[in-house]
Amino acid sequence: MNEFIAFSIIGIVIGATYAVAASGLVVTYATSGVFNIAHGAIGMVMAFVYWQFRVAWNWPAPLALAIVILVIAPLFGAFVERVLIRRVREAPVAVTLVITGALMVFLIGMVNEVWKPKARILPEFFGNAGFHAGSVFVNWAQVITVAAAIAIALGLRLFLYRTRTGVSMRAVVDNQELAGLNGARPARISTYSWALGSMLASIAGILIAPSLQLSVLPLTLLIVDAYAAAMVGRLRNLPLTFVGALGIGLLQSYAQGYMPTSGIWASTPLQGMRLAIPAILLFIILLALPQDKIRGARQMVRRRVAGPASARKTFAGGVILVAAVWVSTGMLSIANVIHLGTGLALALVMLSLVPLTGWGGQVSLCQMTFAGLGAFAMSRLGHGGSPWGLLAAAVLAGVVGGLIALPALRLRGLYLALATLAFAAAMDDMFFPSSTAFGYNGSVNIPRPTFFGIHISTDRSYVIFLAVVFALLSAALLAMRRGPFGRVLSAMKDSEAACATLGLNLTTTKLIVFTLSAAIAGVAGALYGAMVTVAGSTDFLMLQSLPILILVVVLGVATASGALFGGVLFGLLGGEVLLGAGVAGVLLGSNPDGVMPWLYSKIREYRDAIMGRFPGSGVGSGATATGATANGTGAGIGAETGVGVGAGVGVGTAMEMGVGVVDG
Amino acid sequence: MPVSDVTQPSDSRAPAVIELCNVHAGYGRIEALHGIDLVVPAGSVMALLGPNGAGKSTTLKVASGQLVPTSGCFHVLGRHVNGVSSDTLARAGVCTIPEGRGIFPNLTVTENLRMMTFAGASRRDVEERAFSRFPQLAGRRRQVAGTLSGGEQQMLAMARSLSVDPAALLLDEISMGLAPLIVDELYELVAQVSSEGVAILLTEQFAQAALKVADQVALMAQGRIVATGTPDTLPEDLAASYLGGSAAELQSTSDARGAA
C-alpha cells in the first residue's frame, strides 16, 4: 500500500509538470493558431538560463526565478511571436510546423554552443528536505511542483475569464477581425499569449530539469508528453488538459513501478514502451478524435502557379545532375565525396516528401523513421548487396507507412503531423534500440547493392549511382505528377472539400501517396545506410526527421530540385548551420513555395529580359520552368559547376540568416 | 467619443464624420472599388444599395479600417486616416457591426459586453445600456452567445452601438437571416442612434427596410457609386440600377414582358 501511495505521489508530480507544460501549449495554440513544436525547447533553454543564474553565478533562488520566469521567458516568447509567428499565422500547417521546428532545432544548437556539454547539476528546491506523510516521504520540491500546477490552473482560469485581456484572448480565437472592430488589439494579444506560453514553458522546464540532469534532449522531448496531455483537451480545453496530464503521469509512474522486468518483459520493445507511454497515448487519442469536418479552403488569389516540369526538362536535369556528380567526384577530396554522397542519400529522403507534402499537402514528421526501417530491411535481407534488400526496404517501409496512414487518414493537417510524430517517438524507444533492429546503442553493417553481378564498391561509383537513382526516381515522380494521379494530388492540396464534391476518393489517394512516400523513404534509408556502410540505433530518430522537413520546405518542397539541393546542402554543410538559415529562408523569401521556385522565377525573368521573349525560344517561355529536377540552374551554368551552385545557394541562405537575425 | 464636439453653430451644415474621396481598393490584384466619393455627416443615415458584388461591403471595410485604400483619401472627423488599423479606429469612435453576427459565439453575453469596453465606456455603463434597451438579454447574461437566437445575437451585436457612444456607426447587412419584426425593431434602433448625432453608413439587401430610415441613398454597381439622392427621389434610379446590375433580373423582366 505504501508503495502504491509512493508511486501515486510520483505520478501526480510528473503529471503536474506535464500539466504546466501542456497548459502553455494550449494557451499559445488556442490564441494564435500556431502549434509550437519548440515549446519544450523553450522550457529547456529557460532551465539552462536559470542554471546559469542560480548555480553558475550563485544568485538566490527567488531572484533567479523571478528574472527567468517573469522577465526573460515572457520577453523571449514575445520576441518569437513578433519576429517569426506573426508572419506565418495564415500559412499552411507545413510552414508553421517548419518555422517552430526550425526554432526548436536552432535552440538545441544554441544551447549546445553556449553551454558546452558537461555534467550540470541543478539542485532541487530545498535540497532533499521534506516531510513524512504517514510512512511515505515527500520532499518539498514535489510539493512545490504540485502547488505550482494548481496555482497555474487557478491563475489561468482567473486570467482568461476575469480579466479583459484574458477575455480578449478567447475572443480572438472566436473571431480575430471582430475583436479588432471592438477595439481590442489582436496583434498585441497574440504577443501576450506567446509571452504567457513561454512563461509556462519556463516554469515546466525549471520544475523538471533537476530530475532530468539538465540534459538537452530529454527536456526538449518533454513536448511529446505535453502534447499527449494537451490532446486530451483537444488543444482547447484547459481542465481536460490537466486531467490528461495527471492521467499520463500516473500511468507512467505505475508502469515504472509495476511492470515486470523479467522474461519477455525485459525485451526492448516492452521496456521502451514505458518511456513511450505518452507517445502511444498521443497516437491513441488522435485516433479517437471525431472525424474532422471537411472545410473549404480559403479562396486564394495566387501568384503564377507553376506546373510540373516537362519530360524534356526532367531528362535534361537528370543528365546534368549525373554528369555534374561524375565530374565533381573526380575532383573532390574523398571526405567531400562522402559528404556529397550522404547529401544525395538525404536528398532521396527529402524527395519522398515531394509527392506527400509538396504535391499532396500532407505533413509527415517521421520520414527518417521510415528510412530507418529501410536500412533495417537492407541489413537483414540485402546480404552481399542483393537488390532484394532494396525491394524489401521499399515494401517494409511502404507497408508500415500505409498502416500508419490508415488510421491517421481521418486526421488532417496538424493532427496528422502529430500522429506521425508520435509514431516516430514510439519507434525511437521501442524498435530501433531493440536487438531485432540495431541494438541498444548498437549498429549493423549495411551492404552496398549489387546489380547484375556489378558490385558498386568504391565511394565514387556509389555516389554516382546515387545520383542516377535520384534522377530516375524524380523523373518517375514527375511523370506521375503530370498524369491523372498527380492532378488528383494537386487538387487535394488545393481543396479537399472541392475534391469531395467532385466525387474523388481522397482516402485512397492519401493512402497511396503515404505508402509511396514511405517506400521511397525506405529505399533512401537503405541507400543512406549503405553510403556510410553502417547504421545505428540513433541514426533515425524523430528529431532527425525535423531538419529533413525543414530544409526541403525551405528550398521548395514541390520541386525535385528543392529536395536535391536540400540534401546536398545538408550533406556538405551539416545540420546546425542550415537550420537557422531555414528560419531566415522562409522569413526573408516570404514565399512559402521555397527558394528553388523563387530562383527559377528570377532566372526566367532574367532570361526573358535577355531573349526579348520571342516565341519558340527553345527553352520554352514562362509558365512551366518551376518544379524541374536540377534543370534551369544547371542549364544556364554548365555541368561542372552543378555542385558549386548548391554550395552557392547555401552560402546565400546562410548570409540571409545573419541578415534575418539582425533585421528581426 | 466626443460626439458633442461635432454639433457646431446651428446654421452650418453638420460636419462630415466619414469621408471617402476617390477611393480605390481591392483584394490582392483585383480592384473592387474604382473611385468612391462619399460623405456621411453627423446625425444622418446613408444607405448603400446595389446588387451583389457592387462593392458595398468593400466600401464598409475601407470605412472601418479593415481594408487600406490603394489610392484616394479616407477621412474620419476631418483627420486623414488611410492605413490606420481597425482597432485604432474602433477606439476613436468608429463602431462597426460586420456582416453575419457581430458577436463572439463562445463567450458569454457578459463577456461579449466586456469586449465592448475597449472604446472607453465602463463595464457597468455598457451592461446598463445594453440590458435596459434589450431586457431579454439581461436574463441570459451567463449564457454562451452562440446559443442565443439569431435575433438576440443581433441585439447583442447592436448593443455595442448604444454603449460605446460612437461618432460613426457602420452596419453591414444587419437584417440578414432575421424575421421581419426583428428587422423593424433593429431599424428603429438605427433611427434612434442617428437622432443622437451619430453618422451611420449601412448596406442592405432589403432596400425597403433601409429606405425607411435613410437620409441619403447611394447606389453602387460594379465598384462605383452610380447615383445618390434621398429615398424619395430615388426609386426610378434604383430600379434601373438593379436591372443594369444583374443579367438574371433583366432576363426575368423581359420574360415577364414577353408573357404579357
In terms of heavy-atom proximity below 4.5 Å to chain B, should A/A179 be classed as side chain, backbone, both, or neither?
both
Which bit of A/T165 comes within less than 4.5 Å of chain B, counting heavy atoms only: side chain, backbone, both or neither?
neither
Does A/Y161 reach the side chain of B/E111, with side-chain heavy atoms less than 4.5 Å apart?
yes
Under 4.5 Å between any side-chain heavy atoms of B/F104 and A/N182, yes or no?
yes
Any donor-acceptor pair under 3.5 Å linking the side chain of B/R114 with the backbone of A/S168?
no
B/N106-A/R170 side chain donor-acceptor pair, cut-off 3.5 Å:
no
Relative to chain A, which segment of B/L89 carries a heavy atom at a distance below 4.5 Å: side chain, backbone, both, or neither?
neither
Given a strict heavy-atom distance threshold of 4.5 Å, which part of B/T117 is in contact with chain A: side chain, backbone, both, or neither?
both
Going by side chain to side chain donor-acceptor pair (under 3.5 Å), name the residues that satisfy it together with B/S64, two or more places apart in sequence or in a different chain.
B/Q66
Nearest heavy-atom pair of A/A171 and B/M115: which atoms, and what distance?
CB-CE, 3.5 Å
For B/A90 and A/G180, which heavy atoms make the closest approach, and how far apart are they?
CB-O, 3.9 Å
Working to the nearest 0.5 angstrom, can you tell me the gap between B/K61 NZ and A/E177 CD?
5.5 Å
Among B/L170, B/I97, B/T96, exactly one meets side chain to side chain contact (heavy atoms under 4.5 Å, CB included) together with A/L181. Which residue is that?
B/T96
